[in-house]
Amino acid sequence: GQKLEESGGGSVQPGGSLTLSCTDNRYILDGFTMAWFRQARGNEREGVAAIDGDGTTTYADHVKGRFTISQDNDKNTVYLQMNSLKPEDTGVYYCAADSFGLSGGKLGPANDYNLWGQGTQVTVSS
């Protein structure tokens, strides 16, 4: 079936950078709103950034100016460039796709997204 695969997680020191990638193995994501969510231990899954089919992006306030979401349609890949990482950015990062249009192209709640990857761990620690 449809499958999203994340990669690029790891451990970095505060102030460091990481780039996450999300690839769809069925080449069906053109036009879908794509998003990155994260979940810290003991917390609910929260939205980080989204990009709609036209390339318009939205970000959670706590990552604005530090994270950038982008999409390469030729590679069917969505990226999350994360700079100036903080310990509170630690968590499992999930790629998600909204194939039903519930998000309206915005960074909505997790329930708006129906396709999910398995997640990749990001740890920011000194």
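Please read all numbers here as calculations on a predicted model, not as lab measurements.
Closest heavy-atom contact between Ala110 and Trp116: O-CZ2, 3.4 Å. Minimum heavy-atom separation, Thr90 to Ala40: O-CB, 3.8 Å. Annotation for Ala35 and Leu107: closest pair CB-CD1, 4.3 Å, computed over non-hydrogen atoms. Scanning both residues, Cys22 and Trp36, for their nearest heavy atoms gives CB-CZ2, 3.6 Å. Among all heavy-atom pairs drawn from Asp98 and Gly104, the shortest one is OD2-N, 4.2 Å.
Both Val48 and Val124 belong to a single network of hydrophobic side chains, linked directly or stepwise wherever heavy atoms of I, L, V, M, F, W or Y lie under 4.5 Å apart. By the criterion of side-chain heavy atoms lying less than 4.5 angstrom apart, applied directly or through intervening Ile, Leu, Val, Met, Phe, Trp or Tyr residues, Val122 is grouped together with Val78 in one hydrophobic cluster. Val63 and Val12 fall within a single hydrophobic cluster, where Ile, Leu, Val, Met, Phe, Trp and Tyr side chains are chained together by heavy-atom contacts under 4.5 Å. In the hydrophobic clustering of this structure, Met82 does not group with Val92; members are Ile, Leu, Val, Met, Phe, Trp, Tyr whose side-chain heavy atoms approach within less than 4.5 Å, directly or through other members.
With a 4.5 Å cut-off on side-chain heavy atoms, Arg66 and Asp89 count as touching. The side-chain heavy atoms of Phe100 and Asn114, taken from C-beta on, include a pair separated by under 4.5 Å. Using a 4.5 Å heavy-atom threshold, the side chains of Leu80 and Thr68 count as separate. Residues Gln81 and Phe67 form no side-chain contact, since every pair of their non-hydrogen atoms from C-beta on lies 4.5 Å or further apart. Side-chain atoms of Glu46 and Gln39, non-hydrogen and from C-beta on, never get closer than 4.5 Å to each other. Gln13 has its side chain out of reach of Ser125: every pair of non-hydrogen atoms, C-beta onward, lies at least 4.5 Å apart. Within the 4.5 Å cutoff, no side-chain heavy atoms of Tyr93 are placed close to those of Glu6.
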Stepwise side chain to side chain contact (heavy atoms under 4.5 Å, CB included) check, Arg38 with Arg45: CA-CA 6 Å; Arg38 72 184 181 195; Arg45 196 169 296 188; over 6 Å; no
Step-by-step ring pair (Phe, Tyr, Trp, His ring centres under 6.0 Å) determination, Phe37 to Tyr113: CA-CA 10 Å; Phe37 285 75; Tyr113 294 82; 5.3 Å; yes
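Atoms CG and OG1, on Asn76 and Thr23 in that order, are 7.5 Å from each other to the nearest 0.5 Å. Rounding to the nearest 0.5 angstrom, the gap separating the CD atom in Glu5 from the CG atom in Asp24 is 9.0 Å. How far OG1 of Thr58 is from CD1 of Ile69: 7.5 Å, rounded to the nearest 0.5 Å. Rounding to the nearest 0.5 Å gives a distance of 8.0 Å between OG1 of Thr56 and CD1 of Ile51. The OG atom of Ser70 lies 11.5 Å from the CE atom of Met34; values are rounded to the nearest 0.5 Å. To the nearest 0.5 Å, atoms OG1 (Thr57) and NZ (Lys106) are separated by 9.5 Å.
By the 6.0 Å contact criterion, CD on Gln121 is enclosed, its count of non-hydrogen atoms from other residues, nucleotides or ligands being greater than 12. Counting heavy atoms of neighbouring residues, nucleotides and ligands inside a 6.0 Å radius, atom CD of Glu88 exceeds 12 of them.
At a cut-off of 3.5 Å, with distance as the only test, no side-chain donor of Ser103 or Asp112 sits close to an acceptor on the other residue. Side-chain polar atoms of Ser17 and Asn83 form a donor-acceptor pair below 3.5 angstrom. No side-chain donor from either of Asp72 and Thr77 sits under 3.5 Å from a side-chain acceptor of the other.
Thr120 places a side-chain N or O within donor-acceptor distance of the main-chain N or O of Gly9, the cut-off being under 3.5 Å.
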